[in-house]
Structures are given as structure tokens and as C-alpha cells.
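Because only heavy atoms are used, hydrogens play no part in the values below, and waters and symmetry mates are left out as well, while side chains stay in. Not measured: the values here are computed from a predicted model.
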Amino acid sequence: MLQHLTIPRGPIELAADLYLPDGPAAEGAGLRAVVLSTPGSSVKQQIGANYAARLAARGIAALVFDPAHQGQSGGEPRDLEDPYRRGEDISYAIDVLGTLPGIDPQRIGVLGICAGGGYAVHTARTDHRIKAVGTVVPGNMGTSFRGFQPHGPASALDTLAEARTQENRTGEPGREHWLPDTLQDAAAAGLTDPDTTQAITYYRTERGRNEHSTNRRLARGDALLLGYDAFHLVDQLMTQPLQVVLAGRIGNTGSYEAGMQLWKMAPNPVDLLVVDGAGHYEMYDVPEYVDAAVDRLAGFYTDHL
């Protein structure tokens, strides 16, 4: 069963979908529930829906939402990727989820995918209403963004400062592409690696395209990402049980390395699954890989929620 919800978040609202188990499990009290934290640039109808629907089919309620400033959620300016607000969004979602009939507020976990994995971990450190943490191809956006800068992160911050000063003069906020819009654009830019081409094939073609996913990122948010560390103090604060699911084909996204770092840092690692043959973006929607991940995650949440 699918229910459309709104999540109050201060002066704005987040658009959310709640996937509930069918049949008798949905009618009783005390359902286990998971809040999903999705990849950067994605909306709730994409990767989050693929995982939420499968979790519900296995008896676990799953809530997926559009982040503030993105998709069908409120918030200005649009297209802002603020890692700290992304974490706060998860806590606001738990505020609502824990009050819904049939959901046990003591049995709420989180599932973070790609960048959302880092956001979920960062939130779980200090929001201990989260009782179990699952991740799929988790990324640390701070590490990734710092690594993307050809002249180093400090130089990138200087450039962003100049750009924002100019933006304040013109009133026109700068926006960046998350990905090239087409495979042709990627080839022209010399980006032919499998991860980039698979990302474009997912996000920018009929395979995974959604009208509410703009493929644009407000440039001012990049300064926040450059200073972010999703795993800061994990070793001291994130005491919840942890499940890590990684793609077996190691590419250039950094998610394999980030997942292994998280696994080694976490005080309470429970299970590590490497899905043989899968690439990072194939973990978004290829049925055999997603099903393998969700089967393992469902067992994890059943045991620890």
C-alpha cells in the first residue's frame, strides 16, 4: 500500500511516500519502519521507491521523501544540496513516522543509499531514535567533493567565494550539472568511464528519468559539501547496529572505499554484503542486485528493529 504524506519542516513541507505491507501485517500495531535517505539529485520516485516497495513487500514499512529544496518538497532556493539539512530532513521524517498508527516508534531504522548513506550515518550519530542503520553503496560527499577539485578544495572554496560575491551583485544564483545531460555531452567532455555512463543512463534516460529530478545543483551548496565529513565521530557516537551493502565492481564513485571505511569505523558493525558483479549505479534498479540487497537488509531490520 502506498500513502502520500507531507512532513512539516519548520515553515516548509516535505513531500513523502509511505510504503506499507499488504495484508494482516499492515493491520496490526508495532510495524518495523525505515526512513530512506536517497542519493544526491534523486527524488522519491526513483531509487528510493525501488527499495521502499521491496521492503514493504517483506513486511517493513518504508518512508521515502524528497529533500528540502528539491523535487516536490518546499524550500527556496531550489536545487540546494545542503548536507546538514539533508540530515535534518531525516529527523523531521522520523518525527512524523513515529506518530503514525501501526508504526512502533521504538522500531524505526534508516536506510541510506549513495550520498544518502553518508547523510543517514551522520544523522544516526546524534539521533538515537534511529535503532538500526542500513546503507547501500554509501558515499561520503565531503570526501568525494574534495577529491573532485583539480586544484584542491581550498582553491575551490576561493572560487566559490568569488562566484557568490558576483551572484549577490547580479541576483542570479549559479547552478551546476550533477551529470552531463546526455551520453554525447559526456563523450565530448571526455567522460567515458562506466560509472559516469551508467549514471547518465539511469538518471537522464527513460530507464530512471523523473520530471522532478532536475540534474542541477545550486553552486553555493558546494562550499558546504567541501567542508563536510559524513563519518565524523562515527566511532564514538553511532552505536546502532550497522549493515553495509557494496557493489562488487569497484568504480570511481568512491562508494566501495567509503563503505569499507565506515565498516571499520563503526562501533557495532553487524553485516557486510558485497554484491558480486554489480556496479554502483546498477544497485539502483537492476532487479537481481536490488533484490539481493533488500533480502539482506530485510533480515537485518527484522533482527535489529
- Query: Checking salt bridge (Lys or Arg N to Asp or Glu O under 4.0 Å) for the pair Asp271/Arg296: CA distance, chi angles, key distance, verdict?
  - Reply: CA-CA 9 Å; Asp271 187 42; Arg296 196 71 154 253; 2.5 Å; yes
Check [X] against [Y] and note the closest heavy-atom contact, atom names and distance.
| X | Y | value |
| --- | --- | --- |
| Arg86 | Ser37 | NH2-OG, 4.1 Å |
| Met283 | Ala293 | CE-CB, 3.8 Å |
| Val234 | Pro267 | O-CD, 3.4 Å |
| Ile90 | Ala120 | CD1-CA, 3.8 Å |
| Leu191 | Thr197 | O-CG2, 4.4 Å |

Side chains of [Y] and [X]: any donor to acceptor distance under 3.5 Å?
| X | Y | answer |
| --- | --- | --- |
| Gln70 | Glu81 | yes |
| Asp285 | Asn50 | no |
| His280 | Asp195 | no |
| Thr165 | Asn168 | no |
| Asp127 | Ser91 | yes |
| Glu211 | Gln72 | no |

Do [X] and [Y] have side chains that approach each other closer than 4.5 Å (heavy atoms only, starting at C-beta)?
| X | Y | value |
| --- | --- | --- |
| Glu76 | Ile12 | no |
| Gln46 | Tyr203 | yes |
| Leu111 | Leu297 | yes |
| Asn268 | Leu242 | no |
| Asn215 | Arg204 | yes |
| Leu14 | Asp66 | no |
| Arg217 | Asp222 | yes |

- Query: Do any N or O atoms from the side chain of Thr135 and from the backbone of Pro138 form a donor-acceptor pair under 3.5 angstrom?
  - Reply: no
- Item | Distance, nearest 0.5 Å, that separates NZ of Lys131 from CG of Asp104 | 10.0 Å
- When rounded to the nearest 0.5 angstrom, what distance separates CG in Leu305 from CD1 in Ile60? 7.0 Å
- Just do the ring pair (Phe, Tyr, Trp, His ring centres under 6.0 Å) check on Tyr202 and Tyr284 with the steps written out, would you? CA-CA 8 Å; Tyr202 179 79; Tyr284 285 7; 5.5 Å; yes
- Task: Identify the residue among Glu176, His69, Arg175 that makes a side chain to side chain contact (heavy atoms under 4.5 Å, CB included) with Asp79.
- Result: Arg175
- Message: Using salt bridge (Lys or Arg N to Asp or Glu O under 4.0 Å), reason through Asp295 and Arg54 one step at a time and then give a plain yes or no.
- Response: CA-CA 9 Å; Asp295 283 343; Arg54 285 171 166 84; over 6 Å; no
- What pairs of residues pass the ring-ring contact (aromatic ring centres under 6.0 Å, His included) test when at least one of them lies in residues 72-102, not counting sequence neighbours? Tyr84-Tyr228
- Residue pairs, two or more places apart or on separate chains, that pass ring-ring contact (aromatic ring centres under 6.0 Å, His included) and touch residues 169-192: none
- Message: Using 30° and 60° as the class boundaries, would you call the ring planes of Phe300 and His304 parallel, tilted or perpendicular?
- Response: tilted
- Verify salt bridge (Lys or Arg N to Asp or Glu O under 4.0 Å) between Asp276 and Arg249, making sure each step is shown before the conclusion. CA-CA 7 Å; Asp276 290 339; Arg249 181 178 61 76; over 6 Å; no
- Message: Walk me through whether Glu167 and Arg164 qualify under salt bridge (Lys or Arg N to Asp or Glu O under 4.0 Å).
- Response: CA-CA 5 Å; Glu167 174 189 316; Arg164 185 154 180 176; 5.1 Å; no
